[in-house]
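I have placed the structure first, in the form of structure tokens, so that the comments after it can refer back to it.
FYI, side chains are in, hydrogens and waters are out, and symmetry mates aren't considered; it's all heavy atoms of this structure.
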Amino acid sequence: MIFVTDKGRMCNNILQYGQLYAWGREHGRKTMSMRFAYKYQYFHICQTPNHHVWDYLFAKYAARLGLIPTVGFHDYKADTSHQERIMMEKRMVLAEGWCVKWFDLFLKYKQEILQLFAFHDDIEQRVAQRMHEGLRLGVHIRRGDYATFQGGRFYYTDEQYLQLIRSFCTLHPDETIHVYICGNDPDLNRDYFRQQLPQCHVEFPDGNPAEDLCLLSHCDYLIGATSTFTLVASMYHDAPLYWIGDADAPVEEHLFKSFDELLPQLEYVFVYNNP
């Protein structure tokens, strides 16, 4: 059994575990996500074998006491053959670290991963009640830690988000556009967004993290700062995603990419291209 652990946010954990799950499937090893054994109880995986708090506590303290080995993935550039050999040879191993990069294996087992991270029915039902007919644009406004992360590289102003939405609308002049804005900024001026986008139906869903993720996954297009949240949202139903590059440039159709195209860019975006 490979016990997968690390801190961080929900969608980081989904992508980390998904890659180790895929590696395990490829090599005949079972895996268990410690994070989804006790936290983020929104998904099918939380009710699968070994995903409960007792397994979490066993793995946590067994690793801490040195009863099972720990392998770390903390550098995308590092050779991981040593860690892989331990995961193959040992009956139980704890794996940690974000820098796993079995992107091809993730895509190979993507349908199984989607089944594991299927939302509970009550979440899907609540989201379905909020969705409207027409063209649905999901916008994720990431603030909070992004004010300082990589020097504020992915932090954008209200005006920049508004301009991107307006630019998107010009690509679809004959459509009724519903804009669903999610994010982590409690001080977002919602009335201002509604006033500045009179041509759109603007909504702020105010869901928990899983409800916002589920809602974004059902949108026809997604726009957001580069983050795993929007990436995972695009994974569920192949929603085209525009990770904001030049926030002051117009939005163009070719800028929207699929999950399969963007997943391998994680290594580059968050590590090698860090100014």
Side-chain angles (χ1 to χ4, degrees), residues 2-24 31-46 50-51 53 55-57 59-61 63-64 70-78 80 83 87 93-103 105-106 113-114 116-117 119 140-155 182-186 207-214 216-217 224-236 241 243 259 262-274:
I2 301 170
F3 299 98
V4 181
T5 187
D6 220 311
K7 298 178 181 179
R9 297 173 183 267
M10 181 174 72
C11 291
N12 295 74
N13 292 128
I14 290 174
L15 293 177
Q16 178 213 26
Y17 177 71
Q19 292 186 72
L20 280 155
Y21 169 86
W23 185 92
T31 56
M32 172 266 192
S33 170
M34 293 172 64
R35 293 289 271 179
F36 293 98
Y38 75 98
K39 194 174 178 68
Y40 306 127
Q41 297 289 298
Y42 308 120
F43 307 96
H44 171 67
I45 190 174
C46 302
N50 301 116
H51 284 86
V53 70
D55 288 85
Y56 160 77
L57 291 171
K60 177 180 179 179
Y61 289 104
R64 184 172 295 181
T70 298
V71 296
F73 299 89
H74 303 295
D75 184 353
Y76 276 119
K77 296 180 181 180
T80 61
Q83 291 95 319
M87 291 195 296
V93 181
L94 184 137
E96 64 180 13
W98 300 119
C99 298
V100 286
K101 57 173 184 177
W102 293 299
F103 303 126
L105 289 179
F106 188 106
I113 295 166
L114 284 171
L116 286 172
F117 288 99
F119 299 98
H140 186 239
I141 297 180
R142 179 77 175 264
R143 296 272 168 78
D145 61 326
Y146 267 30
T148 57
F149 177 65
Q150 293 194 7
R153 178 182 171 207
F154 302 122
Y155 188 95
C182 303
N184 65 343
D185 183 356
N208 62 40
E211 290 169 346
D212 282 354
L213 184 68
C214 182
L216 290 176
S217 79
T226 303
S227 77
T228 57
F229 197 87
T230 49
L231 183 62
V232 171
S234 74
M235 173 183 73
Y236 283 92
L241 165 61
W243 267 349
F259 172 85
L262 291 172
L263 178 65
Q265 294 185 22
L266 284 179
E267 174 186 7
Y268 173 77
V269 169
F270 289 114
V271 180
Y272 298 147
N273 198 30
N274 184 351

With a 4.5 Å heavy-atom cut-off, do Asn208 and Tyr42 have their side chains touching?
yes

To the nearest 0.5 Å, how far apart are CG in Leu241 and CG in Leu231?
7.0 Å

What verdict does the side chain to side chain contact (heavy atoms under 4.5 Å, CB included) test give for Ile14 and Phe36, after you've listed the backbone C-alpha separation in whole Å, the side-chain angles of each residue and the deciding distance to 0.1 Å?
CA-CA 9 Å; Ile14 290 174; Phe36 293 98; 3.6 Å; yes

To the nearest 0.5 Å, how far apart are SG in Cys99 and CG in Leu266?
10.5 Å

Indicate the atoms forming the closest heavy-atom contact of Ser33 with His51, along with that distance.
N-NE2, 2.9 Å

With Thr31 as partner, the option from Tyr17, Tyr21, Trp23 fulfilling side chain to side chain donor-acceptor pair (under 3.5 Å) is Tyr17

Less than 4.5 Å apart, side chain to side chain, heavy atoms only: is that true for Asn50 and Phe3?
no

How far apart are the closest heavy atoms of Trp243 and Thr230, and which atoms are they?
NE1-OG1, 2.9 Å

Least distance between heavy atoms, Ile2 atom then Ala95 atom:
CG2-CB, 4.0 Å

So, do Leu94 and Met34 sit near enough that their side-chain heavy atoms are less than 4.5 Å apart?
yes

Is there a donor-acceptor pair under 3.5 Å between the side chain of Gln19 and the backbone N or O of Leu105?
no

Looking at every non-hydrogen atom in both residues, tell me the closest pair between Gly18 and Ile113 and how far apart they are.
O-CD1, 3.5 Å

Between atom NE2 of His140 and atom SG of Cys182, what is the distance when rounded to the nearest 0.5 Å?
7.0 Å

Side chain to side chain contact (heavy atoms under 4.5 Å, CB included), that's the test. Do Asn184 and Arg142 meet it? Break it down for me.
CA-CA 6 Å; Asn184 65 343; Arg142 179 77 175 264; 3.8 Å; yes

If you apply the rule side chain to side chain contact (heavy atoms under 4.5 Å, CB included), what do you find for Phe43 with Met10, and how did you get there?
CA-CA 11 Å; Phe43 307 96; Met10 181 174 72; 3.8 Å; yes

Answer yes if the ring centres of Trp102 and Phe73 are under 6.0 angstrom apart, and no otherwise.
yes

Nearest heavy atoms of Gly8 and Trp98, plus distance in Å:
CA-CZ2, 3.8 Å

Say whether, by atom type as modelled, one donor and one acceptor occur between the side chain of Asp212 and the main chain of Gly207 under 3.5 angstrom.
yes

Can you confirm whether Gln265 sits close enough to Thr226 that some side-chain heavy atom of one is under 4.5 Å from a side-chain heavy atom of the other?
no

Candidate pair Leu213 and Phe229, rule side chain to side chain contact (heavy atoms under 4.5 Å, CB included), full reasoning:
CA-CA 7 Å; Leu213 184 68; Phe229 197 87; 3.8 Å; yes

When rounded to the nearest 0.5 angstrom, what is the spacing between OG1 in Thr228 and CE in Met235?
10.5 Å

Any idea which heavy atoms bring Tyr38 and Arg35 closest together, and the distance?
OH-NH1, 3.2 Å

When you compare the side chain of Leu15 with that of Leu263, does any pair of heavy atoms fall below 4.5 Å?
yes

Look at the side chain of Gln83 and the backbone N and O of Thr70, then say whether any donor-acceptor pair between them is shorter than 3.5 Å.
no

About how many Å separate OH of Tyr40 and CZ of Phe117, when rounded to the nearest 0.5 Å?
11.5 Å

dist Arg143:CZ -> Tyr155:OH (nearest 0.5 Å) comes out at 4.5 Å

